[in-house]
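See below for the structure under consideration.
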Amino acid sequence: MAAPSEVADGDRWSQSMAVLWRVLALIVLVVSPLRLLSVGAGMADSTFREVLPMMPQIMRETFAGRVWTWRLATALLLALVAWIPAPGRLATALIFAVSAALLAFQSVTSHAVDKGAFAITVHFAHQAAAGMWIGALVSLLIGATYGHVGAEWLRSATSRVSTIAGWSVAALIVTGAIRAWDSLGLRLDLLVNSIYGRTLLWKVGTAATVILIGGYNRYRLVGSVEESSARAALIRNVAVECVLLAVVLGWSVVLANTPPPH
């Protein structure tokens with residue numbers, strides 16, 4: 001999606017992306033059963049070993065268990081799709097569709113399910129926008145670093161990534177504001193006086209830094225990408241953006257496991 005069509009359908013960029021997709025799909029496939037065990041252990045208030053014999057019953061008789069049955073099947077499908085030889089555009093579309101389904105199941109089994117369909121939809125949109133933003137940047141970094149692409153490809157791809165990032169950030173701002181309102185309301189003091197609020201501020205601050213770097217890349221470096229110094233700076237900045245977004249994901253994990261203040 002982020003790469004120009006003349007490159008996206010072949011050569012080193014496609015090969016590198018295919019390897020990345022397969023590795024990530026295998027990670028999802030391995031981690032998903034472990035995550036299910038963690039959920040089951042939490043529901044039964046027991047250890048992994050103690051809950052293991054109860055897992056078939058949990059998967060049959062609980063809402064979360066039934067959703068997780070579909071979620072595990074989708075994780076397996078994602079791994080299979082990632083390994084199926086297919087033209088670049090078709091492979092991208094298939095992985096995109098299966099990943100969206102996996103995110104939907106994840107949203108249904110999140111804490112948002114306690115607050116209704118709207119909260120689930122907001123959670124899904126937030127996760128999908130974050131995935132699009134990170135995926136576009138990683139694709140650009142792989143193409144620029146390992147694809148041996150020219151200045152024209154880099155300029156075109158950066159423009160596309162900027163567009164994807166812009167829409168993704170807009171969606172993240174809207175859905176993030178809704179989630180923050182749901183957790184904190186108008187109690188702005190809780191942003192400073194609670195662990196949840198301070199963690200949220202760190203997450204927003206880190207994401208804002210990524211946005212500033214992206215804007216600098218788009219408006220200061222892309223126009224001079226024929227120059228080796230500008231090209232090197234652009235690649236370096238994109239790498240920094242990817243690292244910072246990984247930090248944002250870390251803050252998100254902390255938030256997901258931190259109860260909102262009351």
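We count residues from 1, following the sequence as given. None of these values were measured; they are calculated from a predicted model.
Considering only heavy atoms from C-beta on, Gln106 stays 4.5 Å or farther from Leu102 through its side chain. Using a 4.5 Å heavy-atom threshold, the side chains of Val39 and Trp68 count as touching. Counting heavy atoms from C-beta outward, Ile134 and Leu249 have side chains that approach closer than 4.5 Å. A 4.5 Å side-chain heavy-atom check between Leu244 and Val248 finds every atom pair outside the cut-off. Residues Trp133 and Val210 are in side-chain contact: their nearest non-hydrogen atoms beyond the backbone lie under 4.5 Å apart. For the pair Val161/Ser139, no side-chain contact is recorded, criterion being any heavy-atom separation below 4.5 Å from C-beta on. The closest side-chain heavy-atom distance from Leu72 to Leu29 is not below 4.5 Å. Annotation: side chain of Phe124 is not in contact with side chain of Val108 (no heavy-atom distance under 4.5 Å).
Residue pairs meeting the side chain to side chain donor-acceptor pair (under 3.5 Å) criterion with at least one partner in residues 31-42, sequence neighbours excluded, do not occur; the list is empty. Counting only residues at least two apart or in different chains, side chain to side chain donor-acceptor pair (under 3.5 Å) contacts with residues 69-83 comprise Arg71-Thr109.
The side-chain contact (heavy atoms from CB on, under 4.5 Å) check on Thr121 picks up nothing, with sequence neighbours excluded. In this structure, the side-chain hydrogen bond (donor to acceptor under 3.5 Å, both in side chains) partners of Ser252, at least two apart in sequence or on a different chain, are Lys203. Among residues two or more places apart in sequence or in another chain, the side-chain contact (heavy atoms from CB on, under 4.5 Å) test is passed with Val30 by none.
Between Ala25 and Ala82, the closest heavy-atom pair is CB-CB, 3.9 Å. Heavy-atom minimum distance, Arg218 versus Ser162: CD-OG, 2.9 Å. Leu141 and Cys242 make their closest contact through CD2-SG, 4.0 Å (heavy atoms, listed as atom of the first residue, atom of the second, distance). Listed here is the closest heavy atom pair of Leu103 and Ala128: CD1-CA, 3.7 Å.
Applying the 6.0 Å contact sphere to CZ of Arg220 captures no more than 12 heavy atoms from other residues, nucleotides or ligands. Sparse packing is recorded around CD1 of Ile195, with 12 or fewer heavy atoms of other residues, nucleotides or ligands lying under 6.0 Å away. For Asp114, the CG atom counts as densely surrounded, since its 6.0 Å shell holds more than 12 non-hydrogen atoms of other residues, nucleotides or ligands.
Put simply, CG on Leu190 and CG on Leu200 are 11.0 Å apart, with the number rounded to the nearest 0.5 Å. We find the OG-NE2 distance between Ser110 and His123 to be 4.0 Å, quoted to the nearest 0.5 Å. Taking CH2 from Trp21 and CD1 from Ile95, the interatomic distance works out to 4.5 Å, rounded to the nearest 0.5 Å. For the atom pair CD1 of Ile142 and CG of Leu20, the computed distance is 4.5 Å after rounding to the nearest 0.5 Å. Rounded to the nearest 0.5 angstrom, Asn237 CG and Asn217 CG are separated by 4.5 Å. Rounding to the nearest 0.5 Å gives a distance of 11.5 Å between CG of Leu80 and CG of Leu94.
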Run the side-chain contact (heavy atoms from CB on, under 4.5 Å) check on Thr62 and Met43 step by step: do they pass? CA-CA 10 Å; Thr62 67; Met43 294 172 65; 3.7 Å; yes
Walk me through whether Phe118 and Ile178 qualify under side-chain contact (heavy atoms from CB on, under 4.5 Å). CA-CA 10 Å; Phe118 180 72; Ile178 293 172; 4.0 Å; yes
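Ile213 and Val247 fall into different hydrophobic clusters, where Ile, Leu, Val, Met, Phe, Trp and Tyr are joined by side-chain heavy atoms under 4.5 Å apart, directly or via other members. A single hydrophobic cluster is seen to contain both Leu77 and Leu90, as judged by linkage of ILVMFWY side chains at heavy-atom distances under 4.5 Å, directly or through other members. At a threshold of 4.5 Å between side-chain heavy atoms, the hydrophobic network of Ile, Leu, Val, Met, Phe, Trp and Tyr places Leu78 and Val138 in one connected group. Using a 4.5 Å cut-off between side-chain heavy atoms of Ile, Leu, Val, Met, Phe, Trp and Tyr, with links allowed through other members, Val204 and Leu255 fall into the same hydrophobic cluster. Residue Val113 is not grouped with residue Val122 when hydrophobic side chains (ILVMFWY) are merged at heavy-atom distances under 4.5 angstrom, including chains of intermediate members.
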Residues 46-59, side-chain donor-acceptor partners within the protein, below 3.5 Å, at least two apart:
from	atom 1	to	atom 2	distance (Å)
Thr47	OG1	Glu50	N	3.2
Thr47	OG1	Glu50	OE1	3.4
Glu50	OE1	Thr47	N	3.1
Gln57	NE2	Glu61	OE1	3.3

